[in-house]
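First comes the structure, then the notes that go with it.
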Amino acid sequence: MELIFLGNKRPPIMLYQLRQDLITGLRDATADAGYDYEIDISDIEVEDVTDEEKGEFSSPLSFSIAADAGEPPVAVAESIADAHRANGLPDGIETVSVEGGHINYHADRSALASETLSVILEEGTEYGTRTVAESDTILADVSSPNIAKPLHVGHLRNTILSDAVMNVLEARGHDVTRDNHLGDWGVQFGNLMHEYTEFGNESDFESDPIEHLLDLYQQFEQRDSMLEDLEENEPVTDRFRESVEEEREYHAESGKEWFARLEQDDEQAVDLWETFREVSIDRFEETYADLDVDFDIWMGESFYAREGWNDVVIEKALENDVAMRGDGEAVYIPIYPDDYENVGDPNAADVDRSLDRAREMLEESDDLEDADFEPFYIVKSDGSTLYGTRDLATIEYRLQEYDADQSVYVVANEQERYFQQLFVAARKMGYDDIKLKHIDYGLISLPEGSMSTRKGQIITAREVLDRARDRARDIVEEKGRSAEDEIQAVANKIALATVKYEMVASKRARDITFDIDESVSLEGDTGPYVQYAATRGYSILDGADAVPAADQIDPSNFNETDVELLYELARYPIVLERCEERYDAAPLAHYLLELAHVFNSFYHKNQVLEAERARDERLVLTEATTQVFENGLDLLGIDVLEQM
RNA sequence: GGGCACGUAGCUCAGUCCGGAUAGAGCGUCGGACUUCUAAUCCGACGGUCGUGGGUUCAAAUCCCAUCGUGCCCGCCA
């Protein structure tokens, strides 16, 4: 992908560009020194600026070359450094040295300082973003709550993580469509309709529809598991067992029937479903508004069922001979054990589309259980569809309507296996030109154990937000810096920062034990810590009449502390690059924390307004820092505050 | 039985995907810094067999194999 820098005719002398230049230079120097060695990005490390000896960039490649060539590493390093010196170091690199076999490059700090500050202030909110010649069109499943249930902390993590990751992908130049892929279709709603028509209560529904529906859902599930227990555990008589079985089947069958009716557009079923859906969406929207997140589309699973997309993929699967028929009306795609391998990546995907293997296996034994493949069902024997059908339909739709390059799914890692199967099935269907990516994340549990909507052990998104707000308001009041009428607004922003930071600070794969008391703490490794640092920046800028232009300052006035902060700012685009690679926001969260720490340190050590030497320089540096705080926090969906 | 993830300081976690020079933060503990641009802060100290055992390598927290522990998944549910 080709880089186009915004607003500059030539690539600025920035960390990012310098590293690119050094790779090229190092490649030539290595060849000129007489060594045959393949050099890539990993051969140049960006070092900690506080380490004088290592320089800003360092390469350990002399060790590998030395091992092959049987020469001492220091000699190899020296001869490469000499060659590089002779060829001429890139603009912005002052010297190259050899320390302990490492080739260390020392940047021209003044040039880097003024370039970095100029670029940040010139690009403003665009700093760190890029445009790419051929951006990807990305369709993303985000948030995806099930209707008729409240949003809980799991949805909170999903929604906040999705928002941040999609923001990053946009900043990296891609065209992202956020699809709130509502769970609004499936037998569970048949079960709910059964329960509602049997036991529902209109006045309860009206006073709190979601609570009432949740009660009914839990009642259905609890009765089912209770009956299951009774059935399995020592029934007193056969007669008793039979009646338990009957009771259980009655409810389950009735639920399935309701769903079948819904899929057949039965008026009563559709009416009920629409009512459930509307009250759910109304409630969701309140919470999304509180979270300050938006979606581009709310397709929901029902869309693909009701608009005929399910039929499209079912037909396609049968016509292309990738799916076979099972009992009743059942249709499934056989998946062989060797089908899984880099299956989300269009370039690496290689699956066996043939049904011959499955047919052979079934000839030996009619029992699917014995066959060495997993059936990926897209039609059940009763003729209704499954989530897999809807997900295949979604891919078909995204290709047809959006010409999508990527279809990505922010969904908890408990569904990892399912997504592998879905992606295999999709390849078999012939969806070859689309990158499929499961952006999985760890489960959230409570200190008292794992959450279960069924058992009623949940903590809702609303509870978390309310508690964070209450706690933030107490602290804002205690500090007494905000005007009476602003307290709630300030507290809200701090509360959001707390919750959002918490939700993205751990890398995706990690499970989180969600301790609400710890999460609303405002000290240390938290969102408010970062907000506070930014606020101090504004406070400084507030005390200055004007901030000079970046090209009007003398970078040689910067001391070590200033330079450390400056390098932190320069690193920002590299952090976003890493976030894009990983489809994660955690590196950004950690970066902002580090930036806040360095800025706080700068704040204590260096005077700005009263500085004897570097007042102008530090004003520019401070302004650039607040800009990076704004840009980075914005990607995490966190607002900065002038005062807190 | 099979699959995936996680295991780093007392606790919560970065760093692992791309192997490099003394393994980093926060919380907690101990000590220090507010007549100062916001102390929601800063500075310092204490704290580590990077789960364990092999292997590859000049070099392993990082790669490979094995093993233990924890969580999740393996349904014509989502």
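Below, all heavy atoms of this structure are taken into account, side chains as well, without hydrogens, waters or symmetry copies. We name chains A, B, ... by the order of the sequence lines, and we start the count at 1 in each one. Keep in mind that this is a model prediction, so the values were computed, not measured.
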Counting only side-chain heavy atoms from C-beta out, which of [options] sits nearest to [X]?
X       : options                : result
H590(A) : C13(B), G26(B), C76(B) : C13(B)
V608(A) : C37(B), C6(B), C76(B)  : C37(B)
R417(A) : G3(B), A78(B), U36(B)  : G3(B)
L443(A) : C43(B), C72(B), C37(B) : C72(B)
K507(A) : U16(B), A21(B), C4(B)  : U16(B)

So what does [X] touch, heavy atoms closer than 4.0 Å: a base, only the sugar-phosphate, or nothing?
X       : result
S64(A)  : base
D224(A) : nothing
E374(A) : nothing
G543(A) : nothing
N606(A) : base
S506(A) : sugar-phosphate
A67(A)  : base
R618(A) : nothing
L609(A) : base
V187(A) : sugar-phosphate
S58(A)  : base
E642(A) : base
Q643(A) : base
D327(A) : base

Grab the [atom1]-[atom2] distance between [X] and [N] for me, whole Å please.
X       : N      : atom1 : atom2 : result
I65(A)  : G20(B) : CD1   : C1'   : 14 Å
Q421(A) : C76(B) : CD    : C1'   : 13 Å
N413(A) : C72(B) : CG    : P     : 10 Å
E594(A) : G26(B) : CD    : P     : 9 Å
D511(A) : C6(B)  : CG    : P     : 10 Å
F599(A) : A25(B) : CZ    : P     : 20 Å
H155(A) : A78(B) : NE2   : P     : 15 Å

Side-chain N or O of [X] less than 4.0 angstrom from OP1 or OP2 on [N]?
X       : N      : result
R390(A) : C77(B) : no
R510(A) : A14(B) : yes
K380(A) : G75(B) : no
K54(A)  : G20(B) : no

### Task
In whole angstrom, give me the gap between the P atoms of C42(B) and G47(B).
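It works out to 23 Å between them.
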### Message
Taking C34(B) as the reference, what is the distance to A40(B) when you measure between their P atoms (whole Å, please)?
### Response
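Roughly 15 Å separates the two P atoms.
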### Query
So which one's nearest nucleotide on RNA chain B is more toward 5', E414(A) or E610(A)?
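It is E610(A), whose closest nucleotide lies nearer the 5' terminus.
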### Query
Pick the nucleotide of RNA chain B nearest each of G328(A) and Q420(A); which residue has the one closer to the 5' end?
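Here Q420(A) is the residue nearer the 5' end.
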### Message
If the threshold is 4.0 Å, N to carboxylate O, is there a salt bridge linking R248(A) and D224(A)?
### Response
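Salt bridge present between R248(A) and D224(A).
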### Query
According to a 3.5 Å limit on both distances, what stems of 3 or more consecutive Watson-Crick or G-U pairs are formed with RNA chain B?
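For RNA chain B the paired stretches long enough to count as stems (3 pairs minimum) are B:1-7 with B:68-74, B:10-13 with B:24-27, B:29-33 with B:41-45, B:51-55 with B:63-67.
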### Message
Under a plain distance cut-off of 3.5 Å, with no hydrogens placed, do Y35(A) and E71(A) share a side-chain donor-acceptor pair?
### Response
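On atom types as modelled, these side chains qualify, holding a pair under 3.5 Å.
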### Message
Checking side-chain polar atoms at under 3.5 Å, does R536(A) have a donor or acceptor matched by the opposite partner on N600(A)?
### Response
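Indeed, the side chains of R536(A) and N600(A) share at least one donor-acceptor pair under 3.5 Å.
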### Task
Decide ring-ring contact (aromatic ring centres under 6.0 Å, His included) for Y591(A) and Y572(A); before the verdict, give the C-alpha distance in whole Å, the side-chain angles of both, and the deciding distance to 0.1 Å.
CA-CA 8 Å; Y591(A) 165 78; Y572(A) 177 63; 5.7 Å; yes
### Message
Using the side chain to side chain donor-acceptor pair (under 3.5 Å) criterion, which residues pair with S42(A)? Sequence neighbours excluded.
### Response
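Once residues adjacent in sequence are excluded, the partners of S42(A) under the side chain to side chain donor-acceptor pair (under 3.5 Å) criterion are D40(A).
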### Query
Can the ring centroids of Y105(A) and F57(A) be said to lie less than 6.0 angstrom from one another?
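Here the rings of F57(A) and Y105(A) have centres that are no less than 6.0 Å from each other.
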### Message
Here's one to test your reading of the geometry: is the NZ or CZ of K437(A) within 45 degrees of the ring axis of Y409(A) and under 6.0 Å from its centre?
### Response
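Not satisfied by the 6.0 Å and 45° rule.
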Just the atom pairs and distances: protein N or O near nucleotides 39-41 of chain B's N or O, under 3.5 Å.
| unit_1 | atom_1 | unit_2 | atom_2 | d |
| --- | --- | --- | --- | --- |
| A39(B) | OP2 | R536(A) | NH2 | 2.5 |
| A40(B) | OP1 | R481(A) | NH2 | 2.8 |
| A40(B) | OP1 | Y532(A) | OH | 3.1 |
| A40(B) | OP2 | K479(A) | NZ | 2.5 |
| U41(B) | O3' | N600(A) | ND2 | 3.3 |
| U41(B) | O2' | R536(A) | NH1 | 2.7 |
| U41(B) | O2' | H604(A) | NE2 | 3.2 |
| U41(B) | O2 | H604(A) | NE2 | 3.1 |

